[in-house]
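All of these numbers come straight from a predicted model, not from anything done at the bench.
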Amino acid sequence: MKIWQSPAKLNLFLYITGKRADNYHNLQTLFQFVDLCDELQFSRRQDNRITLATPIKDIDDNNNLVIKASKLLLEYAHTHHLTLPEQYGITIHINKKLPIGGGLGGGSSNAATTLVALNEVWQLHLSVNQLMALGKTLGADVPIFIYGHSAFAQGIGDLLKSVEIPEKWFLIIKPNIEISTVSIFKHPELKRDTVTRDIDQLLNNSFENDCEPIVRKLYPIIDRIITLLSTKAPTRLTGTGSCIFCECESLQHAQKLQLFLNNQFLPTDNITSFLAKGCNKSPLYQ
């Protein structure tokens, strides 16, 4: 059975350039995938049910973005009178490797992989743009995973332009906390007035994340990790966190930093870390 990759993403920079009338924020961000992935499999059933064989702890199946994406695509097919297999039922298996609530986009990535995979399994022949439009209704980060290439994003993160950037090694750190994206974007002290710049200007300046000062203030463990690792390598928050990433010169550099990190914290601190390679082309399409 085919295994479909569902990769993590990093926001290599994130700037908030204003608040919109719809209460969303205008952003400028740089997305890059990494080769750290969940793995999804889609088994045909002899009925028309869509089921999840591997429930995610504390997430009701009906609220899981994989199920929502499946039903959304099915509804679209029915509404637009697309030809479906006579028995279109699917059982979905997820081998979950990405941490939940870390800002790596795991749920959005799972939804995107589901749309791409079932478009093929059901032979619906929808274009990438059509799938991206569907994905956007599930969440602002879903389209980038369908798009499948490193991109400079504007708007709410949905206006995408492909970029080729160095495919570095990263040490990704996940402290044992989950951060509500909504709470960070609602915070009164969040910087919302960064000047809009073009991609060439942004790529030629040091990268920053406008959410990071607030998150570091609210979560001392994140401030401690960034302070510690910034002495060794460029270190930033991805998205609204809680994951932190270090840009490394090589795999060996990343391994060395991981060892250094492990020596600074106790097992009871519940900090996990991963080594990952940046990818301009999504592992979903490789």
| said: side-chain hydrogen bond (donor to acceptor under 3.5 Å, both in side chains), that's the test. Do T114 and S70 meet it? Break it down for me. | reply: CA-CA 7 Å; T114 298; S70 304; 5.1 Å; no

_Between K68 and E75, does the salt bridge (Lys or Arg N to Asp or Glu O under 4.0 Å) criterion hold? Intermediate values first, please._
CA-CA 10 Å; K68 285 186 172 183; E75 181 183 349; over 6 Å; no

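Counting only N and O atoms by type, the side chains of Q154 and N26 include no donor and acceptor under 3.5 Å apart. Looking at S109 and S6, their side chains do bring a donor and an acceptor atom within 3.5 Å of each other. Between the side chains of R216 and T227, at least one donor N or O lies within less than 3.5 Å of an accepting N or O. When only modelled atom types and interatomic distance are considered, S162 and Y147 share a side-chain donor-acceptor pair under 3.5 Å.
Using a cut-off of 4.0 Å between Lys/Arg side-chain N and Asp/Glu carboxylate O, K217 and E189 are scored as salt-bridged. A salt bridge links E39 with K97: the distance from a Lys NZ or Arg NE/NH1/NH2 to an Asp or Glu carboxylate oxygen falls below 4.0 Å. Using a cutoff of 4.0 Å between basic side-chain nitrogens and carboxylate oxygens, D210 and K191 are not scored as salt-bridged. Contact check on D38 versus K96 returns a salt bridge, with a Lys/Arg side-chain nitrogen under 4.0 Å from an Asp/Glu carboxylate oxygen.
Under the 4.5 Å side-chain criterion, counting only non-hydrogen atoms from C-beta, R224 is in contact with F265. Looking only at side-chain heavy atoms (C-beta outward), F152 and Q28 come within less than 4.5 Å of each other. For the pair S273 and K174, the minimum side-chain heavy-atom distance is 4.5 Å or more. Within the 4.5 Å cutoff, no side-chain heavy atoms of N176 are placed close to those of I271. Annotation: side chain of P175 is in contact with side chain of I225 (closest heavy-atom distance under 4.5 Å). Side-chain contact check for V195 versus T17: every heavy-atom pair is 4.5 Å or farther apart. Looking at heavy atoms from C-beta onward, M132 lies out of side-chain contact with F145 at the 4.5 angstrom threshold. In this structure the side chain of D269 reaches within 4.5 angstrom of the side chain of L266, judged on heavy atoms.
For the atom pair CD1 (I50) and CG (D61), the distance works out to 12.0 Å, reported to the nearest 0.5 Å. Atom-to-atom distance recorded for L74:CG and H78:NE2 is 4.0 Å, nearest 0.5 angstrom. Note: L10 CG to K168 NZ = 12.0 Å, rounded to the nearest 0.5 Å. The distance from atom NZ of K9 to atom CG of L30, rounded to the nearest 0.5 Å, is 11.5 Å.
The two residues R236 and E247 make their nearest non-hydrogen contact at NH2-OE2, 2.5 Å. Across V142 and A111, no two heavy atoms sit closer than the pair CG2-CB, 4.3 Å. For the residue pair F33 and N280, the shortest heavy atom distance occurs at CD1-O, 4.3 Å. Considering all non-hydrogen atoms of both residues, C211 and L190 come closest at CA-CD1, 4.0 Å. Between D35 and P283, the closest heavy-atom pair is CA-CG, 4.3 Å. Pairing each heavy atom of L257 with each of C246, the nearest pair is CD1-CB, 4.0 Å.
Classification of the F185-H25 ring pair by plane angle, with boundaries at 30° and 60°, yields tilted.
With hydrogens and angles ignored, the 3.5 Å screen pairs a side-chain donor or acceptor of T113 with a backbone N or O of Q5. Panel note: side chain T231, backbone L228; a donor-acceptor pair is recorded below 3.5 Å. Although no hydrogens or angles enter the test, the distance criterion places a donor-acceptor pair under 3.5 Å between the side chain of N205 and the main chain of Q201. Judged purely by atom type and a 3.5 angstrom limit, E212 has no side-chain atom pairing as donor or acceptor with the backbone of T238. Remark: the backbone N or O of F13 is not paired with any side-chain donor or acceptor of N209 at under 3.5 angstrom. Checked by atom type and distance alone, the side chain of N11 never pairs as donor or acceptor with a backbone atom of F31 at under 3.5 Å. No side-chain donor-acceptor contact under 3.5 Å links K136 to the backbone of P143. In this structure, N63 contributes its side chain and I59 its backbone to no donor-acceptor pair below 3.5 Å.
Taking the ring axis of F260 as reference, the NZ or CZ atom of K232 stays within 45° of it and closer than 6.0 Å to the ring centre. Relative to the six-membered ring of Y15, R192 misses at least one condition, a distance below 6.0 Å or an angle of at most 45° to the axis.
Shown here is Q123, whose CD atom has no more than 12 heavy atoms of other residues, nucleotides or ligands within 6.0 Å. Atom CD of Q255 is surrounded by more than 12 heavy atoms from other residues, nucleotides or ligands within 6.0 Å.
Note on L12 and L171: separate hydrophobic clusters, where clusters join Ile, Leu, Val, Met, Phe, Trp and Tyr whose side-chain heavy atoms are under 4.5 Å apart, directly or indirectly. Both V121 and L52 are part of a single hydrophobic cluster, where members link through side-chain heavy atoms under 4.5 Å apart. With hydrophobic clusters built from ILVMFWY side chains whose heavy atoms lie under 4.5 angstrom apart, I172 does not share a cluster with L14.
Residues satisfying the side chain to side chain donor-acceptor pair (under 3.5 Å) test with T51, not counting sequence neighbours, are R45, T91.
The side-chain contact (heavy atoms from CB on, under 4.5 Å) with W122 is formed by just one residue from the set L118, N119, L126; it is L118.
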